[in-house]
8 protein chains.
Amino acid sequence: MSVNARVAILMGSKSDLTAMAEAARVLERFDVPYALEVTSAHRSPERTLEIVRRSEQAGVQVFIVGAGMAAHLAGVVAAHTTKPVLGVPMDGKLMGGLDALLSTVQMPRGVPVATLALGRSGACNAALLALEILALGDERLAGRLVQEKRAMAEEVERPAEAARRELGELLEG
Amino acid sequence: MSVNARVAILMGSKSDLTAMAEAARVLERFDVPYALEVTSAHRSPERTLEIVRRSEQAGVQVFIVGAGMAAHLAGVVAAHTTKPVLGVPMDGKLMGGLDALLSTVQMPRGVPVATLALGRSGACNAALLALEILALGDERLAGRLVQEKRAMAEEVERPAEAARRELGELLEG
Amino acid sequence: MSVNARVAILMGSKSDLTAMAEAARVLERFDVPYALEVTSAHRSPERTLEIVRRSEQAGVQVFIVGAGMAAHLAGVVAAHTTKPVLGVPMDGKLMGGLDALLSTVQMPRGVPVATLALGRSGACNAALLALEILALGDERLAGRLVQEKRAMAEEVERPAEAARRELGELLEG
Amino acid sequence: MSVNARVAILMGSKSDLTAMAEAARVLERFDVPYALEVTSAHRSPERTLEIVRRSEQAGVQVFIVGAGMAAHLAGVVAAHTTKPVLGVPMDGKLMGGLDALLSTVQMPRGVPVATLALGRSGACNAALLALEILALGDERLAGRLVQEKRAMAEEVERPAEAARRELGELLEG
Amino acid sequence: MSVNARVAILMGSKSDLTAMAEAARVLERFDVPYALEVTSAHRSPERTLEIVRRSEQAGVQVFIVGAGMAAHLAGVVAAHTTKPVLGVPMDGKLMGGLDALLSTVQMPRGVPVATLALGRSGACNAALLALEILALGDERLAGRLVQEKRAMAEEVERPAEAARRELGELLEG
Amino acid sequence: MSVNARVAILMGSKSDLTAMAEAARVLERFDVPYALEVTSAHRSPERTLEIVRRSEQAGVQVFIVGAGMAAHLAGVVAAHTTKPVLGVPMDGKLMGGLDALLSTVQMPRGVPVATLALGRSGACNAALLALEILALGDERLAGRLVQEKRAMAEEVERPAEAARRELGELLEG
Amino acid sequence: MSVNARVAILMGSKSDLTAMAEAARVLERFDVPYALEVTSAHRSPERTLEIVRRSEQAGVQVFIVGAGMAAHLAGVVAAHTTKPVLGVPMDGKLMGGLDALLSTVQMPRGVPVATLALGRSGACNAALLALEILALGDERLAGRLVQEKRAMAEEVERPAEAARRELGELLEG
Amino acid sequence: MSVNARVAILMGSKSDLTAMAEAARVLERFDVPYALEVTSAHRSPERTLEIVRRSEQAGVQVFIVGAGMAAHLAGVVAAHTTKPVLGVPMDGKLMGGLDALLSTVQMPRGVPVATLALGRSGACNAALLALEILALGDERLAGRLVQEKRAMAEEVERPAEAARRELGELLEG
């Protein structure tokens with residue numbers, strides 16, 4: 001982790017870490033400094049507000065926020081900043097996480113939260129979206145994202161071959 | 001409406017008034033003073049906080065909060081008070097209001113929101129629940145609630161007769 | 001457990017105990033006497049009615065009721081008392097507990113059930129809500145709730161540090 | 001309507017009459033005497049219990065029960081009788097009536113409610129199911145049901161011709 | 001199992017046996033002879049039709065039908081008989097069994113299927129409902145059902161005591 | 001309509017005609033002869049079976065089947081033919097047609113139903129899919145489908161211009 | 001509308017215009033040039049690809065994409081660009097738009113779509129989110145957004161007064 | 001696997017192989033040559049397009065496409081071909097796979113995807129549907145499908161006997 005964070009990763013509970021670590025991993029791979037905080041929309045509202053303010057002053061440009069159940073944290077952050085807020089709903093027991101998804105995405109006019117998929121995939125994509133946003137003002141980053149996209153496309157060919165081999169085994173076995 | 005409000009009715013948008021007026025109607029019938037505010041968890045977070053603080057100082061004992069979509073208002077109120085907070089999800093387009101219901105009821109440990117049914121029925125019941133809570137310290141109110149319950153049971157007999165008459169017409173017509 | 005119960009915890013089946021014990025734990029921590037009963041809205045309706053009546057006579061002020069599936073127990077209790085009834089839907093197989101949630105929360109006008117989140121979180125919050133209600137007439141309890149809220153806010157800082165440490169390990173490992 | 005009712009049609013609110021009249025219509029067509037009552041599981045629990053007892057003493061063999069939202073009425077009736085109870089969930093705003101459907105069908109072991117489709121179709125089918133049940137001890141009724149089934153099959157041919165004519169118009173127009 | 005079956009238990013797949021055995025267990029306890037068949041609405045439609053016809057000729061009075069996914073078996077049976085058909089949806093992966101529940105319960109006018117809860121609870125209740133239906137013409141059975149209901153109510157008291165003991169252990173441990 | 005039908009359009013109720021007429025319209029445009037029938041999986045099972053058999057003998061290659069609620073008709077047709085069966089769930093009140101969708105698509109192994117979107121869009125696409133299937137053995141039809149696809153792509157440009165004009169008016173007005 | 005578009009608003013069908021015009025309205029208010037296109041992920045895939053490429057070359061920084069049903073358009077755009085893609089699901093019949101919401105938000109790793117609320121609210125918020133993103137490199141815009149947020153908070157006070165007046169009328173009338 | 005593939009099985013991720021192998025197994029049993037590819041609608045859109053074109057040129061007649069979450073792959077394939085495209089949604093965490101089901105089935109007019117059940121059952125049925133389609137121009141295959149259907153019906157009798165034996169053990173044990 002690093003100091004001059006350009007991205008702040010917030011999560012509502014330490015149990016969200018396994019999913020949200022995906023976001024940190026992506027940011028580290030792209031050498032984008034970030035900060036990590038656990039704070040709660042409901043249990044520590046003042047602390048949440050303070051983290052948002054401190055983050056903005058420290059130069060944070062994008063907030064990535066993970067939360068589950070009645071996932072209000074992203075909305076509360078969005079209420080206090082005009083920086084982009086990216087919400088990652090945590091998957092849970094009730095309908096597999098539909099509560100967190102709807103609580104994150106169905107924001108009223110005026111206070112947008114950019115919502116990503118549930119859980120680990122969403123956390124990974126939140127980091128990529130943050131990179132896309134930062135890349136608008138950072139050509140080197142923009143270049144790396146284009147490379148990444150190409151690499152990703154090429155990487156799909158390998159599982160295809162592996163899948164054909166594995167299918168052979170599945171059908172024989 | 002009246003001054004020494006014992007109940008505060010908050011709503012996230014003026015469009016929630018039709019439903020939330022049911023709560024006001026019940027409180028008026030029981031002569032319990034209340035205050036009415038429109039405030040938003042996201043668009044006016046400071047104002048919301050201020051209303052909660054001012055309400056508490058003015059002697060409000062119970063908060064009734066209506067909100068739709070990613071209905072965070074009840075949760076935000078609950079984050080800032082230790083008075084009982086009763087949440088009324090507004091019915092909407094997405095699955096008939098399931099977004100508001102889940103955003104209101106699925107609160108994390110430590111910050112309870114007492115959730116009622118969607119829309120007008122919920123608003124009416126929120127007021128009754130507020131009365132039940134106030135009645136624990138107010139014998140006269142407790143007595144009136146017992147009477148009300150009895151009256152309600154008796155009132156069910158009348159629609160039964162009306163229904164039988166109407167059925168006759170329906171089957172002939 | 002104790003005699004002069006101010007809160008009655010009812011559950012529809014002994015299998016609900018693991019979740020509902022969370023409510024008991026909170027009440028014990030705040031030294032609020034409570035009673036515990038297993039009774040069924042459907043299998044033992046007379047017994048349920050008797051428990052409600054006996055509880056009221058013994059001075060119970062708040063009912064906390066847990067039930068799963070077509071969770072009618074909270075509604076049946078609410079039908080027979082004018083004390084506040086707090087419902088805790090049990091999580092289950094069908095859509096993660098949506099059946100119990102809707103059966104508990106969608107009460108018709110006139111008979112409110114204050115519904116909390118599904119399962120253990122809901123049971124914990126039901127107890128806190130009961131404390132908030134009792135605290136309206138008990139200043140010492142009110143004081144302890146304010147303290148609890150503050151402590152809860154402070155406790156969120158510790159997981160933040162732990163999460164940062166753990167993230168380091170996750171990203172290296 | 002008639003006296004020596006063999007079927008009791010109960011509904012939770014007079015607003016359920018339009019749907020539940022379908023059940024009455026079917027019973028009238030088959031000359032099966034029935035009684036109609038409006039009563040509420042929650043607002044008039046004693047009255048409900050009394051209606052169940054009185055119905056049983058008067059010789060009612062089957063209960064048809066319609067209710068909406070947290071539809072407990074069928075379950076409460078089933079709790080107090082060992083006669084077959086047929087539940088008709090009313091369609092509503094929340095997901096088109098899913099609340100009433102789940103509250104009616106997801107009964108715990110020991111207290112069955114035979115649940116039919118939502119609204120008018122369900123009410124019609126509840127009456128047919130009641131007839132099927134009564135027909136087990138009534139050969140004339142059994143015979144009429146077999147005839148009805150045959151007539152129903154034949155009636156499907158007519159709409160086929162009408163549909164073909166109408167399609168012609170639709171495609172030209 | 002026995003010959004002069006009064007109830008036929010059908011299931012769409014052998015994998016439904018664990019759930020449907022609950023129905024058999026109840027019928028055995030009440031000494032009601034039944035038959036058990038595995039047949040499929042889709043894979044063996046002729047066989048299904050034949051089983052329905054043969055069952056009726058052999059004196060079967062009630063059909064209990066379990067099926068999962070697009071659970072059509074109960075509806076197909078109901079299409080070919082005027083005896084009561086009780087449907088038990090199997091719980092599954094998609095929304096915990098909502099597919100089977102809706103496919104069983106949402107029958108069109110004219111062809112009722114009495115739907116019970118998902119899985120084992122539903123299978124148990126289907127058998128009880130079958131007994132309630134048969135008891136209309138069998139006083140001894142009717143008497144046993146009344147006894148059973150009473151016993152069930154008394155049995156709820158024991159888990160209450162056990163729950164209180166267990167809670168003590170849970171809170172200490 | 002025409003005689004040597006290569007496609008049979010079946011629907012469970014005449015009320016499905018408005019939606020299913022979309023399928024007829026597409027087939028007429030491509031000059032593919034079809035037959036139209038109203039029949040019910042439940043109310044006229046023998047007639048349904050007969051229609052399937054007669055259709056096959058008359059040379060029908062593809063079945064398009066529309067049905068609502070517990071939509072079994074497509075499944076029943078699929079049970080009796082090895083020709084491709086395309087299912088169109090009708091939209092309805094319960095969750096907007098989720099009952100019909102799940103009843104159509106969640107078929108068990110061995111009896112496929114190719115399910116299209118709900119309502120009119122699904123009916124239109126069912127016809128197109130039928131054309132794609134027939135085109136595998138009909139080069140002229142294959143050619144027309146390729147043309148159609150191209151035309152469709154070009155047609156999208158016109159609404160773009162119209163939308164821009166209309167937006168201007170919307171923003172001024 | 002204007003030439004040097006910094007934002008491209010795409011929609012899958014002209015019928016999405018009423019909702020998507022909200023996005024245009026917001027961008028106009030902030031004097032941010034944008035382009036508007038109707039294109040389809042499925043009916044005109046080449047055209048879609050071309051629009052994305054042309055937009056990027058013309059300097060578009062953010063894509064706002066509205067689509068309904070199996071809403072793939074935002075995902076297809078995201079597959080071909082590394083600029084931020086903001087998705088607005090259109091509300092529809094199936095569960096109020098749940099199909100479009102899930103099709104937009106549940107993107108796999110590597111291809112993020114920032115999803116907003118359903119329909120008009122979502123379109124409005126997508127434009128605000130685009131402004132927040134552009135404001136990271138545009139101080140004047142950043143300043144205006146902060147002002148807007150303040151104005152929005154102040155504007156909430158007016159409906160509060162109006163609501164109180166209107167409530168008075170409602171309760172009297 | 002084999003060269004002159006008449007069916008192409010595509011999947012969005014190698015993790016879909018376990019389910020999609022069911023389709024391969026069925027095609028092998030019927031000696032229908034097929035090709036298997038892993039490609040992504042979003043991560044490798046060009047590659048996907050190329051596979052579709054190459055497959056068509058090589059004589060592929062039917063596409064079977066499996067994908068999860070916002071399952072766009074089948075729709076993207078359908079956008080680029082006029083051959084029948086059969087979609088198999090993968091089951092997942094959110095409501096058991098409802099996201100993939102809706103993203104696959106709710107295609108707009110003009111671009112049909114024939115959707116099968118979730119997961120393994122759907123993959124098996126997709127292969128059977130492909131066989132039904134190919135059989136329209138291949139009498140030997142048509143004959144084998146009729147045989148298969150008959151065999152399937154007969155096979156249902158065996159589990160019936162096994163189930164009866166197993167029930168005996170279950171009830172004794």
Side-chain angles (χ1 to χ4, degrees), chain A residues 11-16 38-50 52-53 63 65-82 85 87 89-115 118, chain B residues 11-16 38-50 52-53 63 65-82 85 87 89-115 118:
Chain A
M11 66 195 77
S13 148
K14 193 168 149 282
S15 63
D16 304 333
V38 180
T39 188
S40 163
H42 303 110
R43 280 174 292 198
S44 52
E46 275 85 7
R47 180 178 147 80
T48 299
L49 181 47
E50 204 191 295
V52 174
R53 296 226 168 113
F63 290 89
V65 186
M69 296 178 68
H72 298 189
L73 187 57
V76 165
V77 172
H80 288 98
T81 185
T82 54
V85 176
M90 292 296 113
D91 36 2
K93 272 181 295 189
L94 185 64
M95 304 169 92
L98 193 72
D99 48 359
L101 174 54
L102 298 181
S103 300
T104 304
V105 78
Q106 282 291 74
M107 290 292 289
R109 276 157 199 259
V111 192
V113 168
T115 304
L118 282 156
Chain B
M11 65 195 77
S13 148
K14 191 166 153 282
S15 63
D16 305 334
V38 180
T39 190
S40 162
H42 304 110
R43 281 174 292 200
S44 52
E46 274 85 8
R47 180 178 146 79
T48 300
L49 182 48
E50 205 190 295
V52 174
R53 296 228 167 111
F63 291 89
V65 186
M69 294 179 69
H72 299 190
L73 187 57
V76 165
V77 172
H80 289 97
T81 184
T82 53
V85 177
M90 292 296 112
D91 36 2
K93 271 180 295 190
L94 183 65
M95 304 167 93
L98 194 71
D99 48 359
L101 174 54
L102 298 181
S103 299
T104 305
V105 77
Q106 282 290 74
M107 291 291 291
R109 278 158 199 257
V111 192
V113 168
T115 305
L118 282 155

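A, B, ... follow the sequence lines: proteins, then strands. Residue 1 opens every chain.
Within the 4.5 angstrom heavy-atom criterion, no atom of B/A100 approaches chain A. Looking at B/A41, only its backbone comes within 4.5 Å of chain A, counting heavy atoms on both sides.
B/V76 and A/H42 make their closest contact through N-CD2, 4.4 Å (heavy atoms, listed as atom of the first residue, atom of the second, distance). Across B/S103 and A/S103, no two heavy atoms sit closer than the pair OG-OG, 3.0 Å.
For the atom pair A/H72 NE2 and B/L73 CG, the distance stands at 10.0 Å (nearest 0.5 Å). Taken from CG in B/D99 to CG in A/L101, the straight-line distance is 10.0 Å, to the nearest 0.5 Å. Taking OG from B/S40 and CZ from A/R109, the interatomic distance works out to 13.0 Å, rounded to the nearest 0.5 Å. One distance of note links CG of A/L98 with CE of B/M95; it measures 5.5 Å at 0.5 Å rounding. To the nearest 0.5 Å, atoms CG (B/L49) and CD (A/E46) are separated by 6.5 Å.
Between chain A and the residues B/M69, B/Q106, B/M107, the most heavy-atom pairs under 4.5 angstrom are made by B/Q106.
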